[in-house]
Each structure stands twice: as structure tokens, then as C-alpha cells.
Amino acid sequence: MDLAQVFIFDVGLVFFAAWGMALAVVSIIAFGRDVIPTAQRATSAEERPWAKR
């Protein structure tokens with residue numbers, strides 16, 4: 001491989017690594033309460049006195 005191919009490979013690797021991180025962050029923001037069970041604790045009916053039982 002010449003220098004141009006190595007550069008394109010490295011740029012592509014960095015791009016897909018950044019894209020994967022961005023996708024993971026957006027997924028955690030969107031589905032965090034479903035993925036992390038401790039985040040559901042704050043929204044349970046026991047901690048909301050105005051919630052109907």
C-alpha cells in the first residue's frame with residue numbers, strides 16, 4: 001500500500017469509530033431507561049406520591 005491508501009484507511013477507521021461512538025451515545029440517550037434498570041427507579045410509582053396506585 002502506498003501512502004495515500006494508508007491515509008484513506010486511517011481516515012475511514014477514525015470516521016467509523018466516531019460514528020459508532022455517536023450511535024452508541026444516541027442509543028443510550030434514547031433507550032437508557034430500558035437498558036439501565038437503575039434509571040427506572042426514579043420513575044417508579046413509589047417515589048411519585050401523586051401517582052395513582
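Residue indices begin at 1 and follow the sequence shown.
Other residues, nucleotides and ligands contribute at most 12 non-hydrogen atoms within 6.0 Å of the CG atom of Leu3.
When hydrophobic side chains of Ile, Leu, Val, Met, Phe, Trp and Tyr are connected at separations under 4.5 Å, Phe7 ends up clustered with Val11. Other residues sharing a hydrophobic cluster with Phe15 under the 4.5 Å side-chain heavy-atom criterion for ILVMFWY residues are Phe16.
Here the straight-line distance linking atom CG of Leu23 with atom CD1 of Ile28 works out to 10.0 Å at 0.5 Å rounding.
When the side chain to side chain contact (heavy atoms under 4.5 Å, CB included) test is applied to Val14, no partner is found at least two apart in sequence or on another chain. Listed by chain and residue number, Ala4, Gln5 satisfy the side chain to side chain contact (heavy atoms under 4.5 Å, CB included) test with Asp2 (two or more places apart in sequence, or in another chain).
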